[in-house]
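By convention here, the first residue in the shown sequence is residue 1.
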Amino acid sequence: MLILENVRMAVGSLRANKMRALLTMLGIIIGIGAVIAIMTVSSSLTKSISDSFQEMGANNITVGVKQSTEQQQTTAQGMKFGTSGKTAEMDEDDLITDEMLEELRKQYSDQIDAIALSESVGSGTLESGDTSANVTVTGINAEYFESSQITLLAGRKIKKKDLTGKKKVIMVTDKVVENLFDGNNEKALTAKVSMNLDGSYTDYYIVGVYKYEQGSNFSDSSDEDVTTAAYIPLTTAKQQLHSDEGYSQFTVVTSTTVESVSSFASQIETFFAPYYRGNDDYEISTSTMESMTESMTEMVQTVSVAIAFIAGISLLVGGIGVMNIMLVSVTERTREIGTRKALGAKNSYIRLQFIIESMLLCLIGGCLGICVGLLLGSIAASILGYAATAPIGAIILAVCFSMVIGVFFGYYPANKAAKLNPIEALRYE
């Protein structure tokens, strides 16, 4: 009942001085609002990054051959120096072979859904009659699209029989079909096109048309000149390039049973270690979207917390404002305090009265600040092109923190009021 009575008195006091209370809360509103706005943008950005990496394949592991870490030489003083910039040209013995991949697939059959292979052929044009379209050509295996999703509009994808027969077939985007066949997908299928790579022409037959996703290629070109990806069988690409058998990198698509993609990536490195034990120049390295997502998220959150901390300094200013107005309130109500103490009110009752008033002041300011912060954060997130995500944890923390500010900055004025001499208080004019 005592607390409820004090709350009523605090509300009455705030109503009696609405403008003064609003100006006092302004520092709290700005501080809390700024922090919530920053955390809302951060939360929205983090979710957007996570979703983007998920679409790119969060369960994918990229495995590649990289130059081994430079050997260290230890001097008599214990200092370590790396060997001077040693470079080694990769040859066929350094590449990952089909036999290695089959062993990997066999050993981890329950954890691997697909092994995607690709090799860049180059950039050029596809030509049909007098028309042409810019493309980047990549050789792929039949499992490639398990790691990179596409929307097939017509025809089919690259199949195993295309790789076995080293067939001259190609998959293109609807942008290529627009340029070469006036957007007629049916006309494009089985049509012959000439691939021009650095003046060298090779004929291919279109077997599939897939949807071009805006933003998948960064280009300032118009729709007619935009460069899109075209896919041919990996074996055909190697034959055209006269490249060595083997692969410098590949992508593992893990199954849903894998609990930690990063842990499985380490297992893959351990699997390949014996194959490269005698190789002083090269070793196997892995990277995952999971680790990249964690790194990006951690970086965004660190920057956001740092900015939020700077913005939170205004809360200190707001707290000082609360303390100042509470001191004024104590001075204005000196006779009231003296009367209550003369009627038997304990020091703890007086102290509680002013602390509750201070907490209520900060709590209302904190709630208003949260509303302002969510509004500003949503506007900023929409301008940046992200879906606004409310940081529930930050909101709860903001409410609690505003109440802590009320207790911290309200205690001194409340304690001063509690220690007033009732006789002197009653004499106060």
Side-chain angles (χ1 to χ4, degrees), residues 62-68 86-105 114-128 132-148 150 155-173 176 180 190-208 210 217 227-252 272 275-276 278-286:
T62 302
V63 185
V65 182
K66 72 163 190 175
Q67 193 164 0
S68 61
K86 179 185 68 175
T87 57
E89 189 173 339
M90 191 180 295
D91 56 35
E92 192 169 348
D93 293 335
D94 299 316
L95 298 174
I96 300 164
T97 64
D98 288 312
E99 290 75 16
M100 293 181 191
L101 294 179
E102 284 303 314
E103 284 297 321
L104 177 68
R105 197 192 298 267
I115 293 179
L117 301 169
S118 63
E119 182 158 340
S120 176
V121 178
S123 298
T125 59
L126 289 181
E127 300 176 5
S128 177
S132 64
N134 299 322
V135 291
T136 56
V137 184
T138 304
I140 61 170
N141 68 338
E143 296 173 276
Y144 177 81
F145 292 115
E146 295 291 330
S147 66
S148 179
I150 65 163
R156 62 174 178 84
K157 299 178 182 179
I158 302 294
K159 295 182 177 180
K160 284 185 178 180
K161 66 179 183 180
D162 299 322
L163 283 92
T164 305
K166 299 181 180 179
K167 294 185 177 181
K168 297 292 181 68
V169 294
I170 190 169
M171 286 181 65
V172 298
T173 64
V176 172
L180 303 186
T190 70
K192 182 173 73 172
V193 291
S194 293
M195 182 191 298
N196 179 4
L197 297 176
D198 298 325
S200 176
Y201 287 85
T202 310
D203 290 337
Y204 282 85
Y205 293 89
I206 298 174
V207 294
Y210 72 95
N217 293 298
T227 301
T228 63
Y231 299 104
I232 63 175
L234 180 62
T235 51
T236 308
K238 283 188 170 292
Q239 184 181 57
Q240 184 166 332
L241 293 171
H242 305 291
S243 62
D244 295 330
E245 293 298 322
Y247 316 98
S248 59
Q249 75 171 40
F250 63 94
T251 300
V252 173
F272 279 102
Y275 292 104
Y276 286 83
N279 194 324
D280 296 329
D281 298 323
Y282 291 95
E283 62 186 9
I284 291 294
S285 175
T286 61

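Leu117 places a side-chain heavy atom less than 4.5 Å from the side chain of Leu101. Residues Ile170 and Val135 are not in side-chain contact: their nearest non-hydrogen atoms beyond the backbone lie 4.5 Å or more apart. Proximity of Asn134 to Ser123: side-chain heavy atoms (C-beta onward) are nowhere separated by under 4.5 Å. Side chains of Ile96 and Ile284 form a contact here, defined as non-hydrogen atoms less than 4.5 Å apart. Here the side chains of Tyr247 and Leu234 are in contact, with some heavy-atom distance below 4.5 Å. The shortest distance between side-chain heavy atoms of Lys167 and Lys161 falls below 4.5 Å.
Taken to the nearest 0.5 Å, the NZ atom of Lys66 stands 12.5 Å off from the OH atom of Tyr282. Rounded to the nearest 0.5 angstrom, Glu119 CD and Leu241 CG are separated by 5.5 Å. The distance from the NZ atom of Lys166 to the CD1 atom of Ile232 is 12.5 Å, given to the nearest 0.5 Å. Note that CD of Glu146 is 10.0 Å distant from CG of Asn141, once rounded to the nearest 0.5 Å. Annotation: the span from Ile150 atom CD1 to Met171 atom CE amounts to 3.5 Å, rounded to 0.5 Å. Rounded to the nearest 0.5 Å, atoms CD (Glu143) and OG1 (Thr251) are 11.5 Å apart.
Nearest heavy atom pair, residue Val121 against residue Ala237, reads CG2-CB, 3.6 Å. Taking every heavy atom of both residues into account, Ala142 and Leu163 meet most closely at N-CD1, 3.9 Å. Between Thr235 and Asp162, the closest heavy-atom pair is OG1-O, 4.1 Å. Residues Leu180 and Ala133 share a closest heavy-atom pair of CD2-N, 4.0 Å.
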Q. So Val193 and Val176, side chain to side chain contact (heavy atoms under 4.5 Å, CB included) or not? Walk me through it.
A. CA-CA 11 Å; Val193 291; Val176 172; over 6 Å; no

(Q) Using side chain to side chain contact (heavy atoms under 4.5 Å, CB included), reason through Val207 and Lys159 one step at a time and then give a plain yes or no. (A) CA-CA 10 Å; Val207 294; Lys159 295 182 177 180; over 6 Å; no

Q: Show your working on side chain to side chain contact (heavy atoms under 4.5 Å, CB included) between Leu95 and Val65 and close with a plain yes or no.
A: CA-CA 7 Å; Leu95 298 174; Val65 182; 5.5 Å; no

Q.
Apply side chain to side chain contact (heavy atoms under 4.5 Å, CB included) to residues Lys168 and Thr236 and explain how you reach the verdict.
A. CA-CA 7 Å; Lys168 297 292 181 68; Thr236 308; 3.7 Å; yes

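Under a 3.5 Å cut-off, the side chain of Ser147 and the backbone N or O of Tyr144 do form a donor-acceptor pair.
Take Tyr276 and apply the ring-ring contact (aromatic ring centres under 6.0 Å, His included) test, not counting sequence neighbours, and it matches no residue. The ring-ring contact (aromatic ring centres under 6.0 Å, His included) search around Tyr205 returns none, not counting sequence neighbours.
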Can you give each donor-acceptor pair under 3.5 Å made by side-chain atoms of residues 197-204, sequence neighbours left out, with the distance rounded to 0.1 Å?
residue, atom, partner, partner atom, Å
Tyr201, OH, Asn196, ND2, 3.1
Asp203, OD1, Ser194, OG, 2.9
Tyr204, OH, Gln240, OE1, 2.4

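Using the six-membered ring where Trp is involved, Phe272 and Phe250 have ring planes that are tilted, between 30° and 60° apart.
Residues Thr125 and Ser132 bring no donor and acceptor atom of their side chains to less than 3.5 Å of each other.
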